[in-house]
Amino acid sequence: MSEVRLVASFADEERCVHTIERLREAQVRPQVFSPIPSEKIIDALYERPSFVRSWVLAGGIFGALSGFALTLGTSYEWNLNAGGKPIASIPAYLIIVFELMILCGGIAGVAGFFFTSRMPVTEPLAGYNAHFSADRFGLVVSCDEAESARLEALLKEGGADEVTREPV
Amino acid sequence: MAAAAQTTGVSAPTFTDIDRQVRRVLEPGGLQFWAWICFCAFFICVAGALWTNQVYSGLGVTGLTQPTMWAIYITDFVFWVGIAHSGTLISAILFLFRTRWRTAVYRAAETMTVFAVLTAGLFPIIHLGRPWFFYWLAPYPNQRSLQPDFRSPLVWDFFAISTYLTISSLFLFMGLMPDVANARDAARGWRKTFYSLLSMGWQGTDRQWRNFSMAYLLLAGFAAPLVISVHSVVSWDFAMTQVPGWHSTIFAPYFVAGAIFSGVAMVLTLLIPMRKIMGLEELITPWHLDNLAKVILLTSLIISYSYVCESFIVWYSQDAFELMTFHQRYFGPQGYLFWMMVACNCVIPLLLFSPRVRISTAWLFIIALFVNVGMWLERFVIIEGSLATNTEPSQWRFYHPSVTEIFITVGSFAWFLMLFSLFARFMPIISMTELKEGIQWLREALRDNYRRAA
Amino acid sequence: MSEGLSRRSFLKIASAAGAAAAIPGCEPAGRQIIPYVVPDENMIPGVPSFYATTCTECGAGCGVVARVREGRVIKLEGNPKDPIGQGALCARGQASLQGLYNPDRLAHPFVRGDDGRLRRISWDVATRALIGRLSTAAKAGKDRVAYLARPQGPTLDKIAGLWLSAWNSSKAVFHEPLANSVARQAAQDCFGRGDAPVYHLDQAEALISFGADFIETWESPIELARQYAAFRTPKERRGKLTIGRAAYVGPRMNLTAAKCDDWVGVKPGHEAAIAMSVLYVLVRQGWISPNSGFDIATLKSFVDGYDPDAVSQQTGVPAETIVRLGQMFGQAEGAVALAGTEDKETHVAAYVLNAVTGNLGKTVAFLAGSPPSPLSPQADLDGLIAAMNQKQIEVLVIAGSNPIYAMSPAAKFNDALRQVPFVVWCGLVPDETADKAHLLLPIHHPLEAWRDSAPRAGVSGLGQPVMQPVFESRDLGDVILDSARAAGADSKTVPWQTMADAVNAGFQQLQKQLGDKNKPEDFFAQALRDGGVFADAKAADVKFNPAVFQNKPKPPGAGPDLALAVYPHIFLYDGRGADKPWLQEIPEPVDQIVWDSWAEIHPDTAKALGIAANEMIELQTDQGTVAVSALVSEHVRSGVIAMPLGQGHTSYGRYAKGRGANAFAVLAPGARSAAVKVHATGRKSALVSPLYSEDMMGRNIVEAMSIEDLARGVAPESETVPGPYEMYAPFKYPTHKWGMTIDVNACTGCSACVAACYAENNLAVIGKEGCADGRIMSWMRIERFTPPKEQADKAPLMYITPMLCQQCEHAPCEPVCPVFAAYHTEEGINGQNYNRCVGTRYCENNCPYKVRRFNWYKPEWPAPLHLQLNPDVTVRGAGVMEKCTFCIQRIVSVEIDAKTGDRKLRDSEIVPACAQACPTRAISFGDMNDQQSEMMRRRKDNQLRTYRVFNAEFNTLPAITYLREIYHEKGRA
C-alpha cells in the first residue's frame with residue numbers, strides 16, 4: 001500500500017479550523033500552515049500551552065541569581081569604600097539584578113522558541129507552498145491510498161478551495 | 001475571494017492586498033533613495049571626522065566648561081533613549097493590551113526603537129574623556145580583579161541600555177520572521193537568499209506558531225517593565241546626584257512620560273513622510289495617526305503636570321539651592337530656552353484636542369516636529385542649566401556649544417535616518433501578519449476614515 | 001656648563017648617579033656647597049636634597065629652601081630658620097622657579113648687528129667686545145662707564161662699584177621703580193636716620209594703615225601678614241576677649257583693606273590729611289602718652305586746621321569716621337600707624353602718631369646697625385640720565401633692571417639711552433630694555449648664583465647655587481670680576497677670584513664682627529646650611545626731632561575730580577612677575593582677573609562717565625595715555641580709577657608680551673597717582689575671571705562671626721540640621737584619618753597656597769583663552785565674596801577663604817564614578833586614580849564644592865619649564881579628572897621614612913604644600929584620629945568658630961573644618 005499526501009488550502013480561517021476539528025474526530029493529525037497566528041487553530045490542535053514558558057522562567061531565575069553573584073561577588077572580592085556606602089549596597093545592586101533577569105529571560109525565551117519549534121530549518125516541509133506564508137491556510141494530511149478518498153471528501157466539504165494529492 | 005466576500009462596505013482589503021502593498025515597498029529603490037542615503041552618509045562622515053579630532057586633541061574642542069561638564073552629548077543621549085521608548089511601548093505594552101490600531105505602526109516604531117538605542121549608545125562613548133577605555137564600564141575578568149562600581153548610575157545605564165538594545169532587537173527579529181518568510185516566498189535572486197537566511201526557515205506550521213505566540217507574549221511581558229526601567233535608570237543618572245535641579249524623586253515617572261511623548265512624536269515624524277513616499281496610506285490610515293496623536297496629547301498633559309509638580313516641590317521645600325537654580329532656569333540668562341520648551345511641549349500639543357488637527361497629516365507632522373525640538377530642549381535645560389547654576393555661586397558658568405558638538409548631533413540624526421530608511425526599504429516595515437490577523441479592524445478603520453472624509 | 005666639568009666633578013658624575021651628583025661639584029666654587037638636610041654630597045636618585053638660599057623677588061629678602069631632585073630644583077619653600085619668612089613663602093617667591101626655567105630666557109650671549117638684528121656669539125667674543133669697549137671708554141676720560149641695576153645684595157653691589165672704579169668711573173646707580181624711599185626720607189626728618197623701621201603689629205591693639213598694603217606688596221608682606229594674623233587672633237585683654245581693630249585709608253580696597261574693620265576710601269593724596277586729622281583728635285582728646293615727651297602746644301599748632309570737620313569737607317570722609325579712628329587709635333594699648341603713600345607728609349604724620357602714643361620701640365622700632373639703603377638717591381639717577389643725554393656715557397651696563405618699561409616717560413630715559421653708543425644688558429628674559437641694548441649677556445638666575453643679602457640689621461642672607469645652570473649663562477659677579485681684572489685691577493683693589501670668594505669673604509668679615517670663634521670654613525658651612533647668619537638686633541633708641549613740626553603739611557584741597565591711583569600688582573609687582581605663567585594665571589585675589597590689566601571704576605563714577613563694564617577706556621594724564629578695559633567694581637572709591645602695574649610689556653617673553661597696559665606710561669617720576677581724563681572708546685575687551693558671582697547667595701561657603709558674639713560665647717547657627725543621619729555603619733579608619741583645619745580669620749587671600757599647589761602638583765597652565773573657557777586647572781582657589789549691602793554691619797568687609805577638595809567622608813564624587821577612579825583610601829583621603837579614570841566627569845557634576853579639574857587638552861610645559869615638574873606626581877594626560885589629594889606624595893614619603901626609621905609618625909610632620917607656604921599658618925594638617933594633634937586642638941580650642949562647608953545641606957562630612965572669620969560689629973569703635 002502506498003502513501004499519499006493531501007494538501008488542502010483554505011482562504012478562510014473559520015473553515016480551516018472547522019475542518020481540523022473534523023479531522024481530529026477522524027483520528028487524523030493534520031500538519032497546519034497558516035499566514036497568521038491563529039489561536040483557534042492552536043486550540044484545535046493542542047491541549048497544553050507551549051513549553052517555552054519554562055525556558056523563560058529558568059532564564060529569568062538564572063539572570064537574577066547571576067546578577068546577585070556578580071554585584072556582591074565583585075564588591076567583596078575587592079571591597080573598596082566609595083563615598084561611605086556599604087560594600088554590599090543591595091538597593092543599588094537590585095537594578096543590575098533586574099536588568100540581568102530581563103536579559104537572560106528574554107534570550108532564553110528566543111532560544112526556547114527555536115529549540116521547541118525545531119528551527120532553523122533549511123528545507124521546506126512536505127506540502128508547503130508560497131501561499132501559506134501569504135494568504136492561504138494549509139492542511140497537509142498523509143494517509144494510505146485507501147483512506148485518501150474519504151479524507152479528501154472531508155477536506156472538500158470542510159471548504160477547502162482546492163485539494164491536491166501528492167505521492168510520497 | 002471567500003474571505004473578502006464576507007466583509008461588506010466600500011473598501012475591504014484582503015490578505016492579498018496587504019501583501020501586494022507591503023511587497024511593493026521591498027522592490028529595488030530608485031535613484032532618489034540612494035541620493036538620500038548618500039546625503040545622510042555625508043553628515044555621518046563629517047561627524048566622524050570631528051569626533052576623530054576630538055579624540056585626538058581632547059574634549060577641549062567642545063564647549064564644555066568647568067562646572068558644566070555635561071551638555072549636548074548627554075542631552076542627545078537622553079533624547080535618543082527617549083525616542084527609543086515609544087517603540088517598545090507600542091509594540092509590547094499595547095500588544096499586551098491588545099490595542100487594535102497598533103498593528104499597522106508597531107513594526108516601524110520597533111525599528112525606530114532599535115536604531116534610536118543604537119544611536120543613543122554612541123553618545124556615552126563620544127562624551128568620554130578617554131573613549132578608548134569605555135569597556136572599563138563592563139565587568140570582565142582581569143588580573144587585578146578590578147570591576148566597575150555597581151553603585152554608579154552610569155553602570156546601571158550601561159546594563160540597562162545594553163539589555164534594552166538586546167531585548168528590543170530580539171523582539172523586532174521575532175516579529176519579523178513570518179513577514180520575512182512572506183517576502184522570501186515572493187522574492188527572487190539575492191533577496192531570496194537574504195530573506196531565506198533571515199526567516200530561519202519559518203513556514204508558519206502549527207508548532208512554530210504555538211511556540212512563537214508564547215515566546216512573543218513573554219518577550220512582550222519582559223519588554224514592558226524593561227521599557228519603564230530603562231528610562232527610569234537614565235533619569236537616575238541625574239536624580240541620584242546632589243545637583244540642585246537634578247536631585248528629585250519625580251524624575252523617573254517624569255522622564256518615562258517624556259520619553260513616550262517624544263518617542264510617539266518621532267514615530268509620527270517618520271510615519272507621515274514614509275506612508276506618503278512608500279504609498280502606504282491604505283495601511284497606515286488617519287485612524288492610526290489619530291490614535292498616536294491621542295497618546296501625544298495625553299503624555300503632553302502628563303509632562304506639563306510634571307513641570308508644575310517639580311516647581312511646586314521646589315517652592316514647597318524652600319531649599320535655597322533649588323530655588324536659585326529654578327529661578328535661573330526660568331529667568332536666568334538662558335531662560336528663553338525653558339520658555340521655548342514650555343511652548344513646544346505644553347502649549348502647541350494642546351492643538352491635538354481638535355479632531356480635525358488629529359487627522360490632518362500636515363498638522364500632525366508640524367506638531368510632532370515641535371515636540372521633538374521641545375523634548376530635546378527639556379533635556380538640555382535640565383542637564384546644562386542645573387550644572388551651570390550649581391551649589392557654588394563663584395563657580396557658575398553657562399555653556400555654549402561648539403561646532404564639533406553641533407555637527408556630531410546632526411550626524412547622529414543622519415545616522416539614525418539612514419539606518420531607518422535602509423530598513424524600511426529592505427524589510428517589511430509593516431507587519432503583514434498582524435495586519436492580516438486584525439484585518440477586520442483595518443477594514444473598519446478604512447470605512448471610518450472614508451466616513452470622516454465625507 | 002659654561003666652563004666644562006672639572007676633573008673632580010667629572011669623577012663625581014661617573015661615580016654617583018648622573019646629573020644628581022653634578023650639583024655639589026659643578027663650578028670650582030661648588031666645592032663648598034653643603035646640602036641643607038642631607039650632609040653628604042652623593043645623592044640618591046628619587047631622594048630630594050634641600051639647599052638653603054635666599055629669595056630675590058622683592059626687597060623683603062626671605063630665606064628659602066630649594067628642593068632638588070636629580071640635580072633639578074623642583075620647588076622652593078620658606079626657610080624655617082629665617083626670621084623674616086619663618087618658613088613661609090609667597091606666590092612670587094614660589095614662582096621664581098619659573099624665572100629660572102623660563103623658556104624665553106636668554107640662552108647665549110648675543111650682539112646686535114648694525115642691521116639691528118641679534119647675532120649669537122660665544123662668551124669669549126662677548127667678553128672681548130665688552131672689555132674692548134670699556135677700555136676705550138675708560139681711556140676717553142672719567143665717568144664714561146655707568147652701571148644701572150637693581151640692588152642685588154651688598155657684595156655684588158660693592159663689586160660693581162670696585163669694577164667701575166677699575167674702569168675709571170663711579171657712576172653706579174641702584175634703582176627700584178617702587179622703592180619706598182620716602183619712608184626713609186621721613187625717618188631722616190623725624191629721627192635723623194635713613195633707615196626704615198621694623199614693625200611689630202602683633203604688639204598692637206589698633207592699627208591704621210595709610211596706603212600701606214602690607215598683605216600684598218608693601219615692605220615685607222610675609223612677615224607683616226604673619227604679624228597681622230596674630231594681631232587679629234582673639235586675645236584676653238583687660239579681662240575681655242578681643243581682636244585687634246584695624247582700618248585702612250586708601251583709594252582702593254586691596255587685600256589689606258579687605259581684612260581690616262574699616263576701609264576709609266579716599267582720593268590718592270588725602271591720606272596725609274586723614275592722618276593729621278586723626279592726630280588732631282588725639283591731641284584734642286589728650287590721648288598723648290605722657291612719657292612721649294611731646295609739647296602739647298606744638299602738637300596743637302601742628303595739627304591746627306586739621307579738625308575732622310574741615311578735613312571731612314576736603315576729603316569727603318565723614319568726620320565721625322575720623323573721630324572713630326582717633327578713638328580707636330588713642331585708646332588702644334599699643335597702636336601702630338603705617339604709611340605707604342608716595343608723599344612724605346603721610347609718613348611723617350604716621351611717625352608722629354606712633355611717637356605721640358608712645359609706641360616707638362614697641363610696635364615700631366628702628367634697629368641698631370641696620371644696613372644703609374642699597375638704593376641710590378634720585379639725584380644720582382637724574383645725573384646719570386643727564387650724562388647720557390650729554391653723550392658722556394659710552395658704556396652703560398644695565399643689570400636686572402628694566403628702566404625702559406618701569407620709568408616714567410617724563411624721565412626721557414628712552415631718548416637718553418639712544419645717546420649711549422654701547423649698552424650692555426645683563427639679565428634673564430630679554431625685556432624692553434634688552435631690545436635697546438647692543439650686547440646681551442645671559443646671567444645666572446639667583447638660584448644658580450652666589451649672592452648675599454642684608455634686608456635688615458641682624459639678618460645676613462646667604463644664597464648659593466642650588467643646581468647646574470640651565471642655559472649658557474654666567475654669574476654676574478664673575479663677569480664683573482673678570483672684566484675688572486682685565487682692567488688691570490690688582491688683588492688689593494679686587495681681592496677675589498670669583499663671586500663665591502667674595503661672598504665667602506663677606507661672611508668672614510661678618511664672623512669677625514660677631515666675634516665667632518669657629519673655624520672660618522665651619523662658620524661659612526653653617527651659614528650655608530642655615531641660609532645665612534641670623535642674629536637678633538637691638539632696637540635703637542631714637543629721639544624725635546621737633547623741627548619736623550615747623551613745616552606742617554599744607555591742606556590737600558579737594559584734589560582732582562577724577563584721580564588715577566596706580567598700585568603694584570600682588571603677583572606681577574612692578575612688572576617683573578609678568579614672565580611667569582603661574583603669576584599670570586593665579587587670579588588677582590580682590591578682582592579675580594587673570595592674564596590682563598584693568599581699570600577699576602566705582603559703579604557711580606562709571607555711570608557718570610557712561611562707561612560699561614569690560615569697555616576699553618583711554619586714561620589720559622599729563623604724562624600720556626593708556627588704553628585698558630574697565631572693571632566696574634565697588635572696591636574702589638568713587639571718583640578714583642585704580643589700575644595695577646605689571647602688564648603692558650612689549651617684550652619680556654611669550655607670557656608677558658602684549659597683555660594689558662603699562663601704567664608707568666601715565667605716571668610722573670616717583671608718582672603713583674595722577675589727575676586723569678577718561679575717554680570711553682566703545683570697544684569691548686572682556687576681562688577674564690574665573691569668578692562668576694560675588695554674592696554667596698546666603699550659602700555657608702565662608703562664615704564669619706563677630707568678636708562680640710565670640711566673647712559672649714554665642715555661635716551663629718549654621719549646621720541647622722541635627723545629624724548626621726546614618727543609614728549604614730560608618731567606615732573605620734584605624735591607622736590615620738587625615739584632616740585639615742583652615743582658619744579663615746588668618747587667611748589673607750595672598751594665594752601663596754595656590755602657587756605652592758601649582759608647583760607641588762604639576763598643575764597645568766592653560767592661558768587666558770583657557771581661563772575664559774572656564775578651564776583653569778588650579779586644585780585650590782581663593783574664594784572671594786562680598787557681603788550683601790543689607791548685611792554689611794554683620795559681616796567682614798570681604799569673605800576670603802581657600803577652597804580645595806574637602807576630602808568628604810561621604811564624598812558625593814565617589815559612588816557616581818563607574819570605575820572606582822574616585823574612591824576612599826584607608827587613610828580617609830578621597831583618592832583619585834588617574835590611570836583608572838575614563839573621563840565621564842560625573843564626579844565634578846556631583847561635587848558641591850566644584851574643586852575637581854578636568855584635563856581638556858594634553859597639558860604642555862614648553863622646555864625647559866618641564867624640568868620643574870615634580871617627579872613624585874603623575875603628569876595627567878588629556879581626558880582625565882584630577883584634584884587635590886592632600887599632597888599624598890608628601891604623606892607617603894613621610895610614612896615611608898617613619899616605617900624605615902621604625903618609628904611612629906610625629907604630629908605636624910606631614911605638611912601639604914599649601915599649609916607649608918601659608919604666611920599666616922592659616923592651614924594646619926594632621927590626623928583626625930589623634931585628638932592631641934595640633935590640627936585637632938585648633939578645632940577644639942575654637943569650638944565656637946568651627947564650621948564645615950555645605951555639610952548641613954549634603955551631609956558630606958568634610959575632613960576640612962574651617963574656623964570662622966572674626967569681625968567687629970560696626971559702629972562700636
Side-chain angles (χ1 to χ4, degrees), chain B residues 55-70 124 127-137 146-158 237-238 240-244 246-247 319-321 324 383 386-400, chain C residues 592 690-699 701 766 770 772-777 781 783-785 803 812 814-823 836-858 877-881 949-950 953-956:
Chain B
V55 172
Y56 176 76
S57 49
L59 274 170
V61 300
T62 66
L64 297 168
T65 77
Q66 203 44 264
T68 316
M69 286 280 172
W70 290 356
H127 105 118
L128 278 188
R130 302 203 293 172
W132 50 94
F133 288 136
F134 75 95
Y135 61 89
W136 282 356
L137 270 72
L146 200 53
Q147 300 295 350
D149 181 357
F150 293 103
R151 301 182 197 89
S152 166
L154 292 186
V155 176
W156 305 347
D157 250 3
F158 180 83
D237 286 352
F238 309 105
M240 287 288 156
T241 66
Q242 301 184 332
V243 178
W246 285 8
H247 184 62
D319 176 274
F321 295 67
M324 178 49 77
I383 293 169
S386 309
L387 288 174
T389 60
N390 53 56
T391 50
E392 247 286 17
S394 74
Q395 296 300 297
W396 287 11
R397 191 175 286 274
F398 287 94
Y399 154 94
H400 301 287
Chain C
Q592 297 276 324
L691 174 102
Y692 181 91
S693 162
E694 288 199 11
D695 178 4
M696 224 188 305
M697 300 181 180
R699 309 176 181 189
I701 299 163
I766 52 165
D773 294 346
R775 292 167 178 178
I776 194 161
M777 293 303 288
R781 60 177 183 264
E783 292 273 64
R784 195 272 284 154
F785 296 104
M803 176 56 70
E814 287 170 2
V816 297
C817 176
V819 293
F820 279 118
Y823 70 105
R836 180 68 171 167
C837 178
V838 295
T840 66
R841 311 187 297 291
Y842 202 2
C843 46
E844 164 76 351
N845 288 350
N846 207 20
C847 172
Y849 311 94
K850 300 294 166 209
V851 288
R852 298 179 144 259
R853 295 290 178 255
F854 184 72
N855 285 276
W856 301 98
Y857 292 108
K858 187 177 182 304
V880 175
M881 189 64 76
V949 179
F950 291 156
E953 290 80 0
F954 301 113
N955 188 24
T956 46

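Lettering follows sequence order; numbering is per chain, from 1. Fair warning: this is a prediction, and the values are worked out from it, not measured in the lab.
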Between C:I776, C:I701, C:V838, which has the largest tally of heavy atom pairs under 4.5 Å with chain B?
C:V838
Closest approach of B:Q147 and C:F820, non-hydrogen atoms and distance?
O-CD1, 3.4 Å
Part of C:L691 lying under 4.5 Å from any heavy atom of chain B:
both
Residue pair C:V819, B:L137: steps toward the side chain to side chain contact (heavy atoms under 4.5 Å, CB included) verdict:
CA-CA 6 Å; C:V819 293; B:L137 270 72; 4.0 Å; yes
In terms of heavy-atom pairs under 4.5 Å with chain B, which of C:C817, C:A878, C:G770, C:G698 leads?
C:C817
Hey, could you give me the OG/CE distance between B:S394 and C:M803, rounded to the nearest 0.5 Å?
7.5 Å
Interface moiety of B:T62 toward chain C, non-hydrogen atoms closer than 4.5 Å:
both
Chain C contact via B:W156 - side chain, backbone, both or neither, heavy atoms under 4.5 Å
neither
Working to the nearest 0.5 Å, report the span between CG of B:N390 and CG of C:N846.
11.5 Å
Could you tell me which portion of B:F238 (side chain, backbone, both or neither) has an atom closer than 4.5 angstrom to a non-hydrogen atom of chain C?
backbone
Which atoms of C:R699 are under 4.5 Å from chain B, going by heavy atoms: the side chain, the backbone, both sets, or neither?
side chain
Chain B contact via C:Y849 - side chain, backbone, both or neither, heavy atoms under 4.5 Å
backbone
Check the pair C:V880 / B:R130 against side chain to side chain contact (heavy atoms under 4.5 Å, CB included), numbers first and verdict last.
CA-CA 7 Å; C:V880 175; B:R130 302 203 293 172; 3.8 Å; yes
Closest non-hydrogen atom pair between C:E844 and B:P67, with its separation:
OE2-CA, 4.4 Å
Between B:D319 and chain C, with a heavy-atom cut-off of 4.5 Å, which part of the residue counts as in contact: side chain, backbone, both or neither?
neither
Checked B:V55, B:L387, B:V155 vs chain C; the most non-hydrogen pairs under 4.5 Å come from B:L387
Measure the spacing between OH of C:Y692 and CD of B:E392 and express it to the nearest 0.5 Å.
14.0 Å
Would you please classify the geometry between the B:F321 ring and the C:F954 ring as parallel, tilted or perpendicular, with 30° and 60° separating the classes?
perpendicular
Region of C:A772 that comes under 4.5 Å of a non-hydrogen atom in chain B:
backbone
Part of C:R836 within contact of chain B (heavy atom distance under 4.5 Å)
both
Among B:L146, B:D157, B:T68, which residue has the highest count of heavy-atom pairs closer than 4.5 Å to chain C?
B:L146
Less than 4.5 Å to any heavy atom of chain B: does that hold for the side chain of C:D695, its backbone, both, or neither?
backbone
Closest contact, heavy atoms only, C:T956 versus B:Q242
CG2-OE1, 4.3 Å
Just by modelled atom types, is the B:G60 backbone N or O under 3.5 Å from a matching donor or acceptor in the C:R775 side chain?
yes
Side chain, backbone, both or neither: which part of C:E814 has a non-hydrogen atom closer than 4.5 Å to chain B?
backbone
Examine whether an atom of C:Y823 lies under 4.5 Å from a heavy atom of chain B, and if so say whether it belongs to the side chain, the backbone or both; otherwise answer neither.
neither
Least distance between heavy atoms, B:L64 atom then C:R841 atom:
CD1-NH2, 3.4 Å
Non-hydrogen atoms of chain B under 4.5 Å away: do they reach the side chain of C:D773, the backbone, both or neither?
backbone
